[in-house]
There are 2 protein chains.
Amino acid sequence: MAPKDELPLALRSAYLTLHRRSDAVFMEYGITADQFVLLATLARGQAMTQRELAARMPSDPSTVRAMLLLLEKLGLVSRAAHPTDARARTVSLTEAGVRTFQRAFEAGQEVRDQMVESFSPGEARTFLSLLKRMTQSLGERVTQVAVAVAEPSK
Amino acid sequence: MAPKDELPLALRSAYLTLHRRSDAVFMEYGITADQFVLLATLARGQAMTQRELAARMPSDPSTVRAMLLLLEKLGLVSRAAHPTDARARTVSLTEAGVRTFQRAFEAGQEVRDQMVESFSPGEARTFLSLLKRMTQSLGERVTQVAVAVAEPSK
DNA sequence: TATTGTTATACTCTATAACTATA
DNA sequence: TATAGTTATAGAGTATAACAATA
């Protein structure tokens, strides 16, 4: 069987394994692996709009909204009016959100270590590079469609 | 930032991108990407029990059952009594299931090609190998049972 | 007109726990 | 006692479409 035909299932198994391990680790902090990703995204760039947040996750704006409602109820994020755009709302971590993220990040260290325990440093870099290139290749058509859709309007 | 710290999010982005592209492709055939994985698993080893199926996906037995109910309603899989174990049921693709899987597999060729379009053949093999090693490292403490079940299948 | 976000809605996947039937 | 599967239940994430407010 060609590597190409095995890749999708191998990628899926890798991700699902990571996702389940992460869920198990983060459960102690009252959050899911996906919620952790949202917190991590906010931690890297505070006060972004919901659309920016969705684009970076990457996820759907209405999915992100559903997640934000849950996280707001947990007191981990807050939404405020955007300074210049009255349509938009900026999303931020609360103090509790920052603390929870930091603790969960530390607790996740074990999983991150275990991901690369069979890799040399060079292999880890290669793996990261290949993952990014694959994501870009696969995402390109989506961009083209978006461009094509946006085309008639110019 | 160390590659190790970027890897989880990079893996997630790669998988989610693949998953969304796959869902879009398979929608035409009335199935989801995850249902396609179940059909593909059956196509590679007919008449397995629900537990074997769950172990190979990899997924949870009760999740697999929920998926099987949907796929049975679509007429793509069928369940029959196990020849020797009265507790168990064997799961198989129906003729319609085989056809749907084959068509969906062909339709997915474009996505599989695009995954590796920026890779040399050697890089594709390396990527697959690293994915498998990562999954194994990460799963060692959690999936003893799944590994034991999956092993006999060569 | 296009964009940001909300609302309403629906469905798939996920998983735990209690249960039965059988090994 | 352990295992295969079912049932009941719950919740998270996903996404679409119609809508209001604003750019």
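In what follows, every chain begins at residue 1, and chains take the letters A, B, ... in the order their sequences are listed.
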Short question: side chain of A/R51, backbone of A/P61 - any donor-acceptor pair under 3.5 Å?
no
Report yes if a side-chain nitrogen or oxygen of A/R79 is closer than 4.0 Å to either non-bridging phosphate oxygen (OP1 or OP2) of C/dT6; otherwise report no.
yes
When the distance from NE2 of A/H19 to P of C/dT12 is rounded to whole Å, what number comes out?
19 Å
List the residues meeting salt bridge (charged side-chain N to carboxylate O under 4.0 Å, His left out) with A/E52, not counting sequence neighbours, and say none if there are none.
none
B/T90 backbone acceptor or donor facing B/Q50 side chain under 3.5 Å:
no
Please report, to 0.1 Å, the donor-acceptor pairs under 3.5 Å made by any side chain of residues 94-102 of chain A, with sequence neighbours excluded.
| residue | atom | partner | partner atom | Å |
| --- | --- | --- | --- | --- |
| A/T94 | OG1 | A/G75 | O | 2.6 |
| A/T94 | OG1 | A/L76 | O | 3.2 |
| A/T94 | OG1 | A/A96 | N | 3.4 |
| A/T94 | OG1 | A/G97 | N | 3.0 |
| A/T100 | OG1 | A/A96 | O | 3.0 |

May I have all residue pairs that pass ring-ring contact (aromatic ring centres under 6.0 Å, His included) and include part of residues 61-91 of chain B, sequence neighbours excluded?
none
Could you pull out all residues at least two apart from A/R112 that satisfy salt bridge (charged side-chain N to carboxylate O under 4.0 Å, His left out)?
B/D5
Gap between atoms CG and P, on A/L69 and D/dT14 respectively (whole Å):
14 Å
Could you give the CE-to-P distance, from A/M48 to C/dG5, as a whole number of Å?
12 Å
Identify every side-chain donor-acceptor pair in residues 8-16 of chain B under 3.5 Å, counting partners at least two apart or on other chains, and give the distances.
| residue | atom | partner | partner atom | Å |
| --- | --- | --- | --- | --- |
| B/R12 | NH1 | A/M57 | O | 3.0 |
| B/R12 | NH2 | A/D34 | OD1 | 3.0 |
| B/S13 | OG | B/L9 | O | 3.3 |

Nearest whole angstrom, please: distance from the P of C/dT6 to the NE2 of A/H82.
14 Å
Please tell me if B/R65 has a side-chain N or O lying less than 4.0 Å from either OP1 or OP2 of D/dT7.
yes
By nearest atom, which of the nucleotides C/dT14, D/dT14, C/dT6 is closest to the A/M67 side chain?
D/dT14
Would you list the protein and nucleotides 18-23 of chain C atom pairs, both N or O, that sit under 3.5 Å from each other?
| residue | atom | partner | partner atom | Å |
| --- | --- | --- | --- | --- |
| C/dA23 | OP1 | B/A86 | N | 3.3 |

A/L71 CG to D/dG11 P, straight-line distance once rounded to whole Å:
16 Å
Given atom CZ of B/R51 and atom P of D/dA4, what is their separation to the nearest angstrom?
5 Å
Need to verify one output field. Residue with the more 5' nearest nucleotide on DNA chain C, A/E52 or B/M57?
A/E52
Checking A/F119 now: which residues fulfil ring pair (Phe, Tyr, Trp, His ring centres under 6.0 Å) with it, not counting sequence neighbours?
A/F127
Starting from C1' on C/dT3, measure out to CG on A/L53 and report it in whole angstrom.
17 Å
So what does A/R89 touch, heavy atoms closer than 4.0 Å: a base, only the sugar-phosphate, or nothing?
sugar-phosphate
What residues, two or more places apart in sequence or in another chain, satisfy salt bridge (charged side-chain N to carboxylate O under 4.0 Å, His left out) together with A/R87?
A/D85
A/Q50 CD to D/dT14 P, in whole Å, measures 15 Å
Return the polar atom pairs (N/O with N/O) between nucleotides 15-19 of chain D and the protein under 3.5 Å, or none.
| residue | atom | partner | partner atom | Å |
| --- | --- | --- | --- | --- |
| D/dA15 | OP1 | B/R20 | NE | 2.9 |
| D/dA15 | N7 | A/S62 | OG | 2.8 |
| D/dT16 | O4 | A/S62 | OG | 3.2 |

